[in-house]
Amino acid sequence: MDASPILAPLNPAQCAAVSAPLGNLLVLAGAGSGKTRVLVHRIAWLIQMEQVAPWSILAVTFTNKAAREMRERIERMLGQPVGGMWVGTFHGLAHRLLRAHWQEARLPKAFQILDSDDQLRLIKRTLRDLNLDEARWPPRKAQSFINAQKDEGHRAQHLDDGDNPYQRKQIEIYRVYQETCERAGQLDFAELLLRAHELLRDRADLLGHYQARFHHLLVDEFQDTNAIQYAWLRLLAGDRENLFVVGDDDQAIYGWRGARVENLQSLQRDRPNTRLLRLEQNYRSTGNILGAANALIACNPSRLGKTLWTQDGAGEPIRIYQALNELDEAHFVVERIRRFVAEGRRHAEAAILYRTTAQSRLFEEALMQVRIPYRVYGGLRFFERAEIKDALAYLRLLANPDDDASFERAVSIPPRGIGVRTLETLREQARTQGCSLWQAMDALLCGSLPTRTARPLAVFAELFRQLRTDCKELDLATVVAQVIKTSGLVEHYEKSKDGKGVDRQENLTELVNTSHRFSDEAPDEEPSDLDTFLAHATLEAGEAQGNAPDDPVQLMTLHSAKGLEFPLVFIAGVEEGLFPHQMSVDNPQRLEEERRLCYVGMTRAMQQLYLTHADTRRLYGSESYPRPSRFLREIPAERVEDVRARSRATRPVYRPRAAVAAVEIEGGLRLGQRVLHPTFGEGVILDQEGQGAEARVQVKFAGVSAKWLVIGYTNLQPIS
DNA sequence: ATGATGATATTTTTT
DNA sequence: ATATCATCAT
């Protein structure tokens, strides 16, 4: 077999990794050094040069999207489908194992997956059951405690409270929550991993089977693995030397959700004969961008050490813009994107990155004003929308009547005369009998109930009885359509007056389409039943934006930018308190992670990089005066060019343009008008923009900088 | 049972 | 500022 198609497009270091002899290999791959490419080519190498069967390969990625892309790239390269190869996320693979071995894992056949939202709901209910005050025991704290423990591989019964009452209570919540999950046959995300680990750990026969099957384990983004994922990998590898691991300690940005960069070192310690290779040549960015990023990341004391270089020239300097305020910042970014496009580039080549999701709005508004198409990544995804979760609750309850979380959701939406009172009775019954809500309802319906309570309950029960008989015969999509129709959800949203009714109905229709597509695309080996469809919905929550416009500017958080690249990149809000975020500044480890996040953001840029910060910023309703981020000082001055803010000189404040001064804006307000504000006191209107509900005026008050106020939300009294 | 009002807490996110 | 959520009144 000729190796050239696989090795030809690679540099020497990449070649060395791809064609390395079989054995453990750790590839430390810097940003833009062709990390994924090495992984893809390695798999192609194994199949073509080492005559490895595709079904004996297991590859793990960080996201479903990455998994899909990897499979596609391999198939394109080999010119043939590679069925039998397992490619997926840790969660996806764990799920696959558990579905295949539900009996050995002691799970109900129709076990369901709980997303974080469902998990939080369940924790809240657990807290209520335990008579704990939510103010003293915040559900979110309990949630992160439970997930943190599970990520470390700890079960409640193995935890030591260390004579700490707080700790003891958290463990108790964990225990009771877990019992509830098991009774309802529900697994949260971390539980998938934990169960998959225990399955292989406790069942020597299964472990032997999978060890015999998977001769080659490949892992992408290894720096993002947590303790249980690493443990699972080691188990599956056994004492063989078959781990091919790719990662970059400088791009570890998920420590806050249990990822352990140390796994990189642990691997070298646990498997001393692991070969270490570095990919340090960067093919993405200009010399200035790389030099700046290198200097920044060098400020982190704890790194494995690695310096990226490029053959490219220095390119343009990095530009830092000091904006007057957050609006000026947005306008500046938009203006530069217009210039970029005027030079013949596409909008989609530009990305605006920010630390917090809340920052996207400013840019969306600014882009909308000048009619530039954009696309926001992240945010609420298809299967996370309320109406979709409602419909899914019906489907889940159909699949598994003991799913209490879904019962509670379905029973109260749409409102059908079953209120908190009735629900409380059901919960009480369920608690005393130790059964599910559905069983409690059945029992109560047989007993004596006041008609007013029994009637709606009976109707609800009958609805499901009918659905259950119906759906035995029907295919997935028809069942979904049937459920949506009989649940009354469409009518319910029709009546909603928040203006989202039509959207919601469309989404429900789209759910039917999705289920249709799911059936069509399902591989023959796995029948597409309701259970797998529901798992798919939770595990792969879908894209956030259904129909993106053509050639859009890309908006996303720094976190979701990882793995992507753009010719033109803006990082906005590079200010102390925002980036690095306030929550991280007094913890050295978290601060290092923020710096890595900045490094990730900077290394997304191929040709031009802008960092912007504002002198004043309105955040959470009040004005702040942030200092420029320390990260800006860590970039060598010779790589930077300061962009001058437009007309820094303060204009004569009390003299608005005479021609428009007479035009009334709204409610007796006009440019130059003196006004009274409830908190800021007396001021003068300087400028105006927008119309109707969005009409805003800029007002200068004594002692503070000029502010933009939405007329509709502000009580401005004209004074003479 | 349901809708309206007021207190509260606001990183990052995939699975 | 705003969205979410719990409590309260209808």
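To find a chain, count down the sequence lines: A is the first, B the second, and so on, and within it residues start at 1.
- Both stacking criteria are satisfied for A/His581 over the base of B/dT11: a centre-to-centre distance under 5.5 angstrom and an angle between ring planes under 30 degrees.
- Note on A/Arg596: nothing from the nucleic acid sits closer than 4.0 angstrom, heavy atoms only.
- Rounded to an integer number of Å, the gap from A/Arg618 CZ to C/dT2 C1' is 12 Å.
- Residue order along DNA chain B, read from the 5' end via each residue's closest nucleotide, puts A/Ser412 first among A/Leu597 and A/Ser412.
- For A/Thr557, the listed nucleotide lying nearest its side chain is B/dT12; candidates were C/dT2, B/dT12, C/dA6.
- Of the two residues near DNA chain B, A/Gly92 and A/Met583, the one whose nearest nucleotide lies more 5' is A/Met583.
- Of all nucleotides listed (B/dT11, B/dT15, C/dC5), B/dT15 comes nearest to the side chain of A/His91.
- The phosphate of B/dT15 (OP1 or OP2) has a side-chain N or O of A/Asn64 nearer than 4.0 angstrom.
- In the set B/dT15, B/dT13, B/dT12, the nucleotide with an atom closest to the side chain of A/Tyr254 is B/dT13.
- Side-chain N/O atoms of A/Arg257 and base N/O atoms of B/dT14 include a donor-acceptor pair closer than 3.5 Å.
- Taking atom P in both B/dT12 and C/dC5, one finds a spacing of 16 Å when rounded to whole Å.
- No contact: A/Thr538 has no heavy atom under 4.0 Å from any strand.
- Between A/Arg195 atom CZ and B/dT15 atom P there is a gap of 22 Å when expressed in whole angstrom units.
- For A/Asn263 and A/Gln229, the side-chain atoms include no donor-acceptor pair closer than 3.5 Å.
- Between the CD atom of A/Glu221 and the P atom of B/dT15 there is a distance of 12 Å, given to the nearest Å.
- Side-chain to base pairing of A/Thr357 with B/dT11: no donor and acceptor N or O lie closer than 3.5 Å to each other.
- Residues A/Glu364 and A/Arg361 are not paired through a salt bridge, judged by the lack of any N-O separation under 4.0 Å between the basic side chain and the carboxylate.
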Inset, instruction - Go through A/Tyr254 and A/Trp256 one step at a time and tell me if the ring-ring contact (aromatic ring centres under 6.0 Å, His included) criterion holds. - result: CA-CA 5 Å; A/Tyr254 286 104; A/Trp256 50 275; 5.7 Å; yes
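- Using a 4.0 Å heavy-atom cutoff across all strands shown, A/Arg140 reaches no nucleic acid atom at all.
- Stacking of A/Trp256 onto the six-membered ring of B/dT12 is present: less than 5.5 angstrom between centres, less than 30° between planes.
- Residue A/Val246 forms a side-chain contact (heavy atoms from CB on, under 4.5 Å) with just one option from A/Lys35, A/Gln223, A/Glu221, and that option is A/Lys35.
- Residues A/Arg504 and A/Asp390 are not paired through a salt bridge, judged by the lack of any N-O separation under 4.0 Å between the basic side chain and the carboxylate.
- For A/His559, the listed nucleotide lying nearest its side chain is B/dT12; candidates were B/dT12, C/dC5, B/dT15.
- A donor N or O paired with an acceptor N or O is not found under 3.5 Å between the base of B/dT14 and the side-chain atoms of A/Arg381.
- As rounded to whole Å, 20 Å separates atom P of B/dT12 from atom CD of A/Gln251.
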